[in-house]
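Some notes on the structure that comes next.
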2 protein chains.
Amino acid sequence: MPRRRFGDEPLDHPKWTYREPPSCHIDINVRSPTMSDESWSPPAVLLAVDLVILTLRDSRLSVLLVERGIEPHQGDPALPGGFLQHSCEDLRAAAIRELSEESALDASRLHLEQLGTYGTPDRDPRGRVVSVAYLVIAPALPEPIAGTDAADASWAPAEEILSGARRLAFDHEEIVTDGVERARNKLEHSPLATAFCDRTFTISQLQQVYEAVWGVELDPRNFYRKVQAVPGFIVSAGTERRSTRGRPARLFRAGSRTTLHPPLVRPDPPNPEEEER
Amino acid sequence: MPRRRFGDEPLDHPKWTYREPPSCHIDINVRSPTMSDESWSPPAVLLAVDLVILTLRDSRLSVLLVERGIEPHQGDPALPGGFLQHSCEDLRAAAIRELSEESALDASRLHLEQLGTYGTPDRDPRGRVVSVAYLVIAPALPEPIAGTDAADASWAPAEEILSGARRLAFDHEEIVTDGVERARNKLEHSPLATAFCDRTFTISQLQQVYEAVWGVELDPRNFYRKVQAVPGFIVSAGTERRSTRGRPARLFRAGSRTTLHPPLVRPDPPNPEEEER
DNA sequence: TGAATAGTGTCTATCAGACAATATCAA
DNA sequence: TTGATATTGTCTGATAGACACTATTCA
């Protein structure tokens, strides 16, 4: 089999032959080939993994971007990610691998969950590439993302991407939008906010997470009691204290609950025109 | 290229050569090949689409299952689904196609959303098959699922699958569990419950949805006002009425809101031992 | 008329949000 | 001492759940 550079020209990856070359429009009424059609076999696709890595930088929700080194979209900002390494690599393992390669982050301490799969046929000009996106939540880190393959990784405020002020390669803007939306929702019913914090944190640090991700302002006094009223959300972490200017605050760490009861309801939802009857 | 029957023996679908044959264990510390490694190209995988179709039958949350006609797991119950038809078929379109093929349901009237992607390397003995699962919500239908390819489709109570009383092929039990969990959660914050109902419905029918999916009993009087207090959730559908035995009920249809404010909070969460501090 | 279901009224314990007041640190 | 942040207290209007009661149909 001849060697070829990947990324230079469109892929012709289907190794199976069709009875008729498929015309690439979508017709839901067409009957699919069945297993008894001797000449048909399922088409293969390329599988990629992309990462939406969220963190708080300077009290703003931020996303890790890398500059693409090759075509297509060379030079454009994009999500970190890449193809499966070999055909039997687990999806989550591939996400963890990309995380350590492209961002030098230690996956074992981070929140990582599957976000969604993006498979629009024309999303990658090289051919049929289906991407499984993962959402990663990281605590604020020392400024530079050290020792990465893609040395040109950088944090971008999520708002710049959501507003369209910064354009990303492929369909990565949509993926970021979905990732931020997922994070905003999970803040209400899961302890996800603690994943933005260090192992121990103060209640006001936790509040900053909610304020940055939701884009709202919360009353510190009500927030203080509200989070403590949720059983298993946060637990006291000894008597140590952390101080900047004012009175030192108690330290807490994440509890063991995975769902919050009662939930922390997001205030002031865009509740527009009353349209009920 | 020789023709071969699909499903008879393991696939050797990777068309690219590796520098070293991959050993199929997961090592997150291994460096992946980079684009500058001339001899490496991304591996291809087979992509399938599986459907978790939920409905209410006899006031019970039920899942549509089909009996597998071929190996592996021949004769076992499984989720409806199948491979992409051709390499440029859109994922959602493939889900809609499977829906009409395997269940004869009209996708244009149903709720359909992506659920998750399942890609454990050994989940399919035929080779590397990655499956994108979709969640479908259907209103109660006339008994038989007519005119299907897999004529042996049938509804199974979700509880039988969640409890392990009924085993499914592949990792489909896990997929069903995730689908039911997704539905249970979305009932709180989205109008998903209306997708279980006909175009018009009574409030007590809507209540039955909540009771069946959540597995709880609700007070009809409080439920009655609660749902109407959510702006845009349900809107009155004229003055028509529907009656069985007692007083006829007003009819409603789904409103235009996609999120519910305030949410309908699920009662009595398994709130176990108090573990706070 | 009685059974059954739909819909309304009302009470109460609890909660969310507003905000005053106090505590404890650094400079 | 002052400024800043943390923590506690208290008040008030809204709400969730319990449940009595009325309304409207069919058998």
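Labels below follow one simple rule: chain letters A, B, ... track the order of the sequence lines, proteins then strands, and each chain is numbered from 1.
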Worksheet item: When the ring planes of A:Tyr210 and A:Phe233 are compared, do they come out parallel, tilted or perpendicular, using 30° and 60° as the limits?
Response: perpendicular
Discussion item. Quick check: do B:Phe196 and B:Leu54 have side-chain heavy atoms less than 4.5 Å from each other?
Written reply: yes
Worksheet item: Given D:dA6, is OP1 or OP2 found less than 4.0 Å from the side-chain N or O atoms of A:Ser204?
Response: yes
Practice prompt. Determine whether any donor atom in the side chain of B:Arg225 lies under 3.5 Å from an acceptor atom in the base of D:dG17, or the reverse, and answer yes or no.
Written response: no
Worksheet, complete the sentence: From CZ of B:Phe223 across to C1' of C:dT5 the rounded distance in Å is 15 Å
Fill in: Minimum-distance nucleotide to A:Arg247 side chain [options: D:dT7, D:dA23, D:dT25]
D:dT7
Practice prompt. Could you tell me whether the side chain of A:Arg245 has a donor or acceptor atom within less than 3.5 Å of a complementary atom in the base of C:dA26?
Written response: no
Worksheet item: Does A:Arg182 pair with A:Glu113 as a salt bridge, N-O distance under 4.0 Å?
Response: yes
Discussion item. I'd like to know if the side chain of A:Gln207 and the backbone of A:Tyr224 have a donor-acceptor N/O pair within less than 3.5 Å.
Written reply: no
Item to complete: Rounded to the nearest angstrom, tell me the gap between atom CG in B:Asp219 and atom C1' in C:dT8.
Response: 13 Å
Practice prompt. For A:Glu217 and C:dA18, give me the distance from atom CD to atom P, rounded to whole Å.
Written response: 12 Å
Worksheet item: More 5' along DNA chain C: B:Asn222 or B:Gln205, using each one's nearest nucleotide?
Response: B:Gln205
Discussion item. Counting only side-chain nitrogens and oxygens, does B:Tyr224 get under 4.0 Å of the OP1 or OP2 atom of C:dA6?
Written reply: no
Worksheet item: Can you find an N or O donor on one side and an acceptor on the other, under 3.5 Å apart, linking the side chain of B:Arg250 with the base of C:dT5?
Response: no
Worksheet item: Which whole-number value in Å describes the distance from A:Tyr210 OH to C:dA16 C1'?
Response: 16 Å
Worksheet item: Quick one: is B:Lys226 getting a side-chain N or O under 4.0 Å of the D:dG17 phosphate, OP1 or OP2?
Response: yes
Item to complete: Could you check which of C:dG7, D:dT25, C:dT10 has an atom nearest any side-chain atom of B:Ala249?
Response: C:dG7
Worksheet item: Can you find a donor-acceptor pair, distance only, under 3.5 Å between B:Arg221 side chain and D:dT22 base?
Response: no
